[in-house]
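Values below: all heavy atoms of this structure, side chains included; hydrogens, waters and symmetry mates excluded. Just so we're clear, the structure is a prediction, and the values are computed from it rather than from any experiment.
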Amino acid sequence: MKINVLVAEIGSTTTVINAFNNIFSENPEFIGQGQSATTVAENDVNIGVNNAIIDLKKNLNIKELKYDKLIATSSAAGGLRMTVHGLVYDMTVRAAKEAALGAGANIHQITAGKLRRTDIKKLKEINPNIILIAGGVDYGERDTAIFNAEKISELNLDVPVIYAGNIENDEEIKLIFEDYPGKLYIIENVYPKIDTLNIEPTRKVIQDVFEEHIIHAPGMEKVKDMVNGHIMPTPGAVMEASKLLKEHVGDIITIDVGGATTDLHSVTEGSEEVNRILISPEPIAKRTVEGDLGVYINMKNIVERIGKDNLTKQLAITKEQLEELIKNHKPIPESDIEKRFVGELTKEAVITSVKRHAGKFRSLYGDSGKKTVAEGKDLTNIKYIIGTGGALSRLPKSMEIMESIAKSNKGNDLFPNQEALILIDNDYIMASLGVLSIEYPLAAIKLLKKSLNMNI
């Protein structure tokens with residue numbers, strides 16, 4: 001059988017292969033899926049990719065499989081590890097952080113101001129895949145970014161460095177990194193003027209750098225042996241799919257509940273009413289990662305948040321039965337009670353992560369009396385709430401879980417309202433379609449609408 005495009009999603013524990021045909025036609029097709037354990041421990045993820053292809057052939061009931069192109073997303077080997085170093089946390093540091101998260105990075109260190117000895121020590125221990133230096137609006141403060149660049153250059157790490165700070169420093173930065181073993185990228189300032197975010201150029205370069213340097217990540221050395229197209233971080237791919245969908249159907253938020261984390265991707269300008277009273281700017285495309293809200297690896301964190309007494313009531317079971325569920329918790333629930341248990345965990349993860357992602361109305365008091373302002377990301381204009389990831393794509397009550405978002409608003413949260421439509425990534429292919437969209441955007445949007453059962 002001949003396939004146009006295979007997409008490998010190389011996760012920390014599982015590798016999935018999705019097959020797509022008729023990419024250039026009016027009716028592109030999702031053919032099927034295969035999966036296998038990820039083989040990072042063997043220092044060759046290609047073994048897992050090959051095993052997933054074998055599983056795909058079995059599911060398609062075919063003996064031979066040929067393909068034109070194999071592209072990939074990856075969160076294996078810790079994903080894309082980044083450190084971010086800026087000037088003032090609420091300004092350039094925040095802008096750089098938004099760019100890194102939007103590209104699908106896992107940020108392991110954030111510093112504001114001049115790097116200290118303890119910061120340098122931690123940076124070396126992290127051994128990041130990419131280092132991002134920012135600082136200063138254009139033609140503003142220069143010294144902090146230069147100081148940090150000199151300290152990082154002295155480490156002689158073979159790690160790519162991105163500079164996205166004050167444009168006046170560009171030539172100085174080139175000189176500082178002249179003999180540095182890693183590659184230097186100088187791009188537009190992420191915070192060129194006060195209250196102005198410019199994160200898209202940085203986000204794009206981070207994804208390009210990831211693709212170029214992925215072979216240096218532990219366990220990923222051989223990934224390009226098979227992949228003959230694009231490879232990008234899995235969360236970055238979900239963001240690409242979310243941005244594509246926003247272009248075609250309107251403002252959206254995508255919720256991805258996983259075993260270790262819960263990721264939220266919102267793509268919206270917000271409402272004019274809220275923007276008029278917003279304290280500081282927010283990116284149109286924003287990603288947050290809740291590292292304590294995973295329904296498998298971090299299951300006990302969510303149990304603690306809900307409370308065992310509440311869980312026994314919600315599930316109508318005894319304390320002993322709950323302890324048994326916790327003790328024997330599986331990555332993929334099988335029985336009805338296991339699915340209901342994961343459903344409660346997922347609901348808590350969804351509501352908590354949206355609450356952390358969304359902004360709020362606040363009251364300020366001054367000489368002229370009370371004034372209402374808005375702070376953080378405005379989700380009130382969201383038209384669609386999309387669920388992807390294993391939990392929300394596979395659990396029986398996913399729709400109800402996401403409907404609970406608007407209902408949980410106590411009045412001050414900038415949440416989506418109850419008119420927002422709930423959609424499920426039924427084929428669980430959103431990340432695959434994000435990387436597919438780089439070369440085949442028309443096919444990607446059509447396949448995405450099919451998976452979401454959208455008749456528009």
Side-chain angles (χ1 to χ4, degrees), residues 98 101 238-239 242 245-246 249-258 261-295 301-307 310-311 313-314 342-365 370-389 391-392 395 397-425 452:
E98 296 287 3
L101 286 171
V238 176
M239 178 60 89
S242 299
L245 200 57
K246 196 268 186 192
V249 302
D251 295 6
I252 72 164
I253 182 167
T254 302
I255 306 171
D256 185 350
V257 180
T261 68
T262 294
D263 286 18
L264 266 75
H265 307 74
S266 63
V267 193
T268 175
E269 292 90 349
S271 70
E272 286 185 23
E273 179 188 357
V274 172
N275 281 329
R276 281 197 294 268
I277 59 171
L278 202 59
I279 290 176
S280 58
E282 287 285 327
I284 294 172
K286 181 185 181 79
R287 171 182 169 238
T288 50
V289 185
E290 306 306 334
D292 60 328
L293 300 178
V295 294
N301 291 338
I302 305 179
V303 169
E304 194 173 314
R305 285 190 59 84
I306 300 171
N310 289 330
L311 265 174
K313 290 174 186 174
Q314 290 164 4
V342 175
E344 294 298 333
L345 300 180
T346 302
K347 181 178 178 181
E348 180 68 21
V350 165
I351 293 174
T352 304
S353 57
V354 172
K355 198 169 186 67
R356 293 176 184 175
H357 183 98
K360 294 177 181 294
F361 289 114
R362 283 178 53 196
S363 295
L364 298 180
Y365 296 88
K370 180 180 172 183
K371 178 184 178 183
T372 299
V373 297
E375 185 176 31
K377 184 70 174 177
D378 175 21
L379 304 180
T380 58
N381 249 21
I382 293 293
K383 289 178 65 178
Y384 298 96
I385 300 172
I386 296 170
T388 188
L392 290 176
L395 285 173
K397 293 191 176 181
S398 296
M399 300 286 283
E400 289 179 31
I401 290 170
M402 289 191 288
E403 285 168 358
S404 66
I405 295 169
K407 294 174 184 175
S408 67
N409 190 352
K410 303 302 181 187
N412 285 330
D413 296 310
L414 298 174
F415 276 16
N417 58 49
Q418 295 194 36
E419 282 72 50
L421 297 176
I422 310 294
L423 302 172
I424 303 292
D425 177 19
L452 296 170

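- Distance alone, capped at 3.5 Å, places no donor-acceptor pair between the Lys371 side chain and the Arg362 backbone.
- Closest heavy-atom contact between Ile351 and Ser404: CD1-OG, 3.6 Å.
- Surrounding NZ of Lys360 are more than 12 heavy atoms belonging to other residues, nucleotides or ligands, all under 6.0 Å away.
- Counting heavy-atom neighbours within 6.0 Å of Glu273 CD, excluding the residue itself, gives a total of 12 or less.
- Between Val354 and Ile385 the shortest side-chain heavy-atom distance does not fall below 4.5 Å.
- Between Ile382 atom CD1 and Glu419 atom CD the span is 13.5 Å, to the nearest 0.5 Å.
- Note that CD of Glu290 is 12.0 Å distant from CG of Asn301, once rounded to the nearest 0.5 Å.
- Between the side chain of Lys377 and the backbone N or O of Pro283 there is at least one donor-acceptor pair closer than 3.5 Å.
- Side-chain atoms of Thr380 and Asn417, non-hydrogen and from C-beta on, never get closer than 4.5 Å to each other.
- For the residue pair Ala406 and Pro416, the shortest heavy atom distance occurs at CB-O, 3.5 Å.
- Using a 4.0 Å cut-off between charged nitrogen and carboxylate oxygen, Lys246 and Glu269 count as a salt-bridge pair.
- Two residues are said to be in side-chain contact when any heavy atoms from C-beta on lie closer than 4.5 Å; Glu282 and Asp378 fail this criterion.
- The shortest side-chain heavy-atom distance between Val274 and Phe361 falls under the 4.5 Å cut-off.
- In terms of heavy-atom proximity, His357 sits nearest to Lys286 at CE1-O, 3.5 Å.
- Among all heavy-atom pairs drawn from Glu344 and Ile306, the shortest one is O-CD1, 3.7 Å.
- Rounding to the nearest 0.5 Å places CG of Asp256 at 9.0 Å from CG of Asp425.
- Tested against Tyr384, the residues Asp251, Ile253, Leu421 include a single side chain to side chain contact (heavy atoms under 4.5 Å, CB included) partner, Leu421.
- Not a single donor-acceptor pair under 3.5 Å links the side chain of Lys370 to the backbone N or O of Ser363.
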For Glu403 and Ile422: C-alpha separation, side-chain torsions, deciding distance, then whether side-chain contact (heavy atoms from CB on, under 4.5 Å) applies. CA-CA 7 Å; Glu403 285 168 358; Ile422 310 294; 3.9 Å; yes
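- Side chain of Thr262 to backbone of Leu293: a donor-acceptor contact under 3.5 angstrom is found.
- Within the model, atoms CG of Leu423 and CG of Leu245 stand 8.0 Å from one another, a figure rounded to the nearest 0.5 Å.
- Of all non-hydrogen atoms in Ile252 and Ser242, the two that sit nearest each other are CD1-O, 3.3 Å.
- The side-chain heavy atoms of Leu392 and Met402, taken from C-beta on, include a pair separated by under 4.5 Å.
- When side chains are defined from C-beta on, Thr352 does not count as touching Asp292, because their heavy atoms never get closer than 4.5 Å.
- Heavy-atom minimum distance, Ile302 versus Ala349: CD1-CB, 4.1 Å.
- There is a side-chain donor-acceptor pair under 3.5 Å between Asp263 and Thr261.
- Thr254 places none of its side-chain heavy atoms less than 4.5 Å from the side chain of Leu264.
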